*Asks:* 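Here's a structure for you.
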There are 2 protein chains.
Amino acid sequence: MESEITTEQKIMDAAEHVFLDEGFSGARMQHIADRAGINKAMLHYYFRSKDKLFELVFRHKMKQFVPQIEAALNEANMTFIEKIDRFVLAYLTMLQKNPRLPIFILSTIHRNPELANSIDIKLGAEIIRLMEIEIKEGRIKKVDTHQFMLTLVGMCLFPFIARPIFSKTFDLTPKQYDQLLAERRVHAVQYARAILIGE
Amino acid sequence: MESEITTEQKIMDAAEHVFLDEGFSGARMQHIADRAGINKAMLHYYFRSKDKLFELVFRHKMKQFVPQIEAALNEANMTFIEKIDRFVLAYLTMLQKNPRLPIFILSTIHRNPELANSIDIKLGAEIIRLMEIEIKEGRIKKVDTHQFMLTLVGMCLFPFIARPIFSKTFDLTPKQYDQLLAERRVHAVQYARAILIGE
DNA sequence: GTCTATACGGTGATAGAC
DNA sequence: GTCTATCACCGTATAGAC
């Protein structure tokens with residue numbers, strides 16, 4: 001039974017937590033060490049530098065952030081709206097488990113746009129292609145594909161990005177906001193249907 | 001003619017630029033000084049500390065970020081959709097001039113949620129009230145007011161927040177993305193109409 | 001008001017004993 | 001592999017001359 005958590009893994013977990021909370025320049029190696037229950041020297045023993053450690057964390061998180069779109073959209077025997085429902089569900093489920101992921105990824109890339117280069121371009125092209133087929137076949141309205149995708153993804157991500165400011169503006173308790181997030185799937189899909197089909 | 005820019009103003013301009021690019025912990029007082037064309041000591045002479053300077057910048061930017069909603073929504077002799085159109089136009093126009101504002105505000109508040117406390121709560125309540133009247137009078141569908149507002153604001157902000165990652169995913173040149181942003185108003189309002197009225 | 005010089009603390013990183 | 005001690009540097013902030 002090798003169920004023991006390795007030091008390396010403890011560091012990665014701690015690093016993820018601290019970097020997601022504080023960002024690269026706000027994070028302190030000391031905090032990560034404390035959280036991992038070891039000392040700073042060990043961080044450098046396992047991962048050479050703060051930069052290397054951050055890069056690993058970022059890449060790992062980036063994988064979570066982008067890819068699962070594909071699985072949802074490529075299922076056969078589904079209407080486009082059903083595919084969207086799957087996509088929204090998958091995305092929101094992941095976000096519930098990683099609520100601070102979006103702002104971490106987006107603010108990191110904002111300050112370091114080259115980091116977006118690891119993204120696979122084919123994915124976007126494939127989505128656009130799928131939508132254009134739906135439009136051509138007359139199963140959805142003639143919407144601008146990019147504008148719609150921006151809206152769809154925004155409907156999933158934005159509630160997590162804007163949580164603190166929205167809670168305050170609309171005077172919602174944490175419990176109420178969680179409820180809002182739990183119900184987000186239904187509304188996002190309903191809105192998508194209104195846009196793509198009209199009801 | 002007092003058209004000369006004061007040192008204080010030069011510092012504020014420089015500070016805004018650097019803080020918006022780098023965030024609080026990423027920003028360096030040296031950068032701000034360089035950009036303002038003065039030396040570090042002057043920063044502390046005019047503004048006591050980095051914290052104080054940042055707070056001023058943040059408050060100033062926060063004012064831009066939130067309030068102009070009110071003007072758009074309180075105009076008389078307008079349908080609700082027309083009001084939304086005004087709101088979206090005003091918001092997008094401001095964002096075109098301040099494209100890095102959203103990620104700055106949201107990532108700052110993310111790391112320091114108390115900063116959201118400066119927000120005026122009455123504004124949100126007023127919007128909800130207006131929408132509920134529209135619903136009651138049967139002029140728009142029975143949508144969840146909070147869910148809709150999250151979507152509406154997201155449709156405006158998200159394209160600016162997600163620009164680098166979206167450009168990459170959908171392989172859009174800066175010019176193409178600017179075009180997308182320029183056309184955002186039409187699509188956002190059209191989507192809002194689809195949601196609120198059906199077409 | 002503006003500058004130079006410097007104090008002071010903290011941070012990433014390394015050396016070296018065990 | 002893990003620790004303590006330490007280094008070199010950088011960043012904020014201040015002192016003090018002009």
Side-chain angles (χ1 to χ4, degrees), chain A residues 1-61 104 107-112 114-115, chain B residues 1-61 100 104 107-108 110-112 114-115:
Chain A
M1 293 252 300
E2 293 291 329
S3 72
E4 287 222 351
I5 301 148
T6 64
T7 302
E8 201 173 331
Q9 192 54 49
K10 277 194 289 186
I11 294 174
M12 277 298 288
D13 291 346
E16 275 192 26
H17 193 278
V18 174
F19 280 134
L20 258 78
D21 266 10
E22 312 288 348
F24 175 77
S25 49
R28 299 287 162 248
M29 294 297 265
Q30 186 64 60
H31 285 186
I32 298 174
D34 292 348
R35 209 183 164 81
I38 49 148
N39 60 64
K40 276 193 294 177
M42 293 298 287
L43 295 183
H44 291 91
Y45 175 78
Y46 279 97
F47 306 88
R48 280 179 52 81
S49 66
K50 185 181 179 183
D51 288 81
K52 304 267 186 202
L53 181 55
F54 182 79
E55 201 183 326
L56 283 176
V57 169
F58 181 78
R59 281 188 199 285
H60 180 235
K61 285 301 175 182
F104 168 71
S107 65
T108 300
I109 289 183
H110 169 74
R111 291 186 183 66
N112 216 339
E114 316 86 69
L115 290 173
Chain B
M1 293 248 302
E2 293 293 328
S3 73
E4 286 221 351
I5 303 148
T6 64
T7 302
E8 201 173 330
Q9 191 56 49
K10 278 194 290 187
I11 294 173
M12 277 298 287
D13 291 346
E16 274 193 28
H17 194 279
V18 174
F19 280 134
L20 259 78
D21 267 11
E22 313 288 348
F24 176 76
S25 49
R28 298 287 161 249
M29 294 297 264
Q30 186 64 60
H31 286 186
I32 297 175
D34 292 348
R35 209 183 163 82
I38 49 148
N39 62 63
K40 278 190 293 177
M42 292 299 287
L43 295 183
H44 291 91
Y45 175 77
Y46 279 97
F47 308 87
R48 280 181 53 83
S49 67
K50 185 181 180 183
D51 289 80
K52 303 267 186 200
L53 182 54
F54 181 80
E55 200 183 327
L56 282 176
V57 169
F58 181 79
R59 280 187 199 285
H60 180 235
K61 286 300 174 185
R100 296 163 309 164
F104 168 72
S107 65
T108 299
H110 169 75
R111 290 184 185 61
N112 214 340
E114 314 86 68
L115 290 174

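Letters go in sequence order (proteins before strands), and every chain restarts at 1. This one's a predicted model, so the numbers in the text were calculated from it and none came from an experiment.
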*Asks:* E55(B): which residues meet the salt bridge (Lys or Arg N to Asp or Glu O under 4.0 Å) condition with it, sequence neighbours left out?
*Replies:*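 Applying salt bridge (Lys or Arg N to Asp or Glu O under 4.0 Å) to E55(B) gives R59(B).
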*Asks:* My understanding is that only residues two or more places apart in sequence, or in another chain, count here; which of them pass salt bridge (Lys or Arg N to Asp or Glu O under 4.0 Å) with D34(B)?
*Replies:*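 Once residues adjacent in sequence are excluded, D34(B) has no partner under the salt bridge (Lys or Arg N to Asp or Glu O under 4.0 Å) criterion.
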*Asks:* Return the set of residues passing side chain to side chain contact (heavy atoms under 4.5 Å, CB included) with S25(A) (not counting sequence neighbours), or none when no residue passes.
*Replies:*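 For S25(A) the side chain to side chain contact (heavy atoms under 4.5 Å, CB included) partners, ignoring immediate neighbours, are S25(B).
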*Asks:* Using whole Å, what does the distance between atom C1' of nucleotide dT14(C) and atom NZ of K52(A) come to?
*Replies:*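 Going from K52(A) (NZ) to dT14(C) (C1'), I get 16 Å.
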*Asks:* Locate the shortest heavy-atom distance separating I32(B) from A14(B); write the atom from each residue and the value.
*Replies:*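 In terms of heavy atoms, the two residues are closest at O-CB, 3.5 Å.
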*Asks:* Name all residues meeting the side chain to side chain contact (heavy atoms under 4.5 Å, CB included) criterion together with N39(B); count only those two or more places apart in sequence or in a different chain, and write none if there are none.
*Replies:*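 Expected list: A41(B), M42(B).
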*Asks:* Please list, chain by chain and in numerical order, all residues satisfying side chain to side chain contact (heavy atoms under 4.5 Å, CB included) with H44(B), sequence neighbours excluded.
*Replies:*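 With neighbours one apart ignored, the set is M29(B).
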*Asks:* Base, sugar-phosphate or nothing for Y45(B)? Non-hydrogen atoms, less than 4.0 Å.
*Replies:*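 If one applies the 4.0 Å heavy-atom cut-off, Y45(B) turns out to touch a base.
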*Asks:* With a strict under 4.0 Å distance from non-hydrogen atoms of chain A, what nucleotide opens and what nucleotide closes the contacted stretch of DNA chain D, reading 5' to 3'?
*Replies:*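 Here the contact window of chain A covers dG1(D) to dT4(D).
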*Asks:* Who are the side chain to side chain contact (heavy atoms under 4.5 Å, CB included) partners of R111(B), not counting sequence neighbours?
*Replies:*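 Expected list: S107(A), S107(B).
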*Asks:* Does anything in residues 16-43 of chain B reach DNA chain D, meaning a heavy atom under 4.0 Å, and if so which residues?
*Replies:*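 Nucleic-acid contacts, sorted: A27(B), R28(B), M29(B), K40(B), A41(B).
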*Asks:* For D21(B), check salt bridge (Lys or Arg N to Asp or Glu O under 4.0 Å) against everything at least two apart and list the hits.
*Replies:*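 In terms of salt bridge (Lys or Arg N to Asp or Glu O under 4.0 Å), with neighbours along the sequence ignored, D21(B) is linked to R100(B).
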*Asks:* Looking only at side-chain N and O atoms, does H44(A) come under 4.0 Å of OP1 or OP2 in dT14(C)?
*Replies:*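 So the side-chain polar atoms of H44(A) never come under 4.0 Å of the phosphate oxygens OP1 or OP2 of dT14(C).
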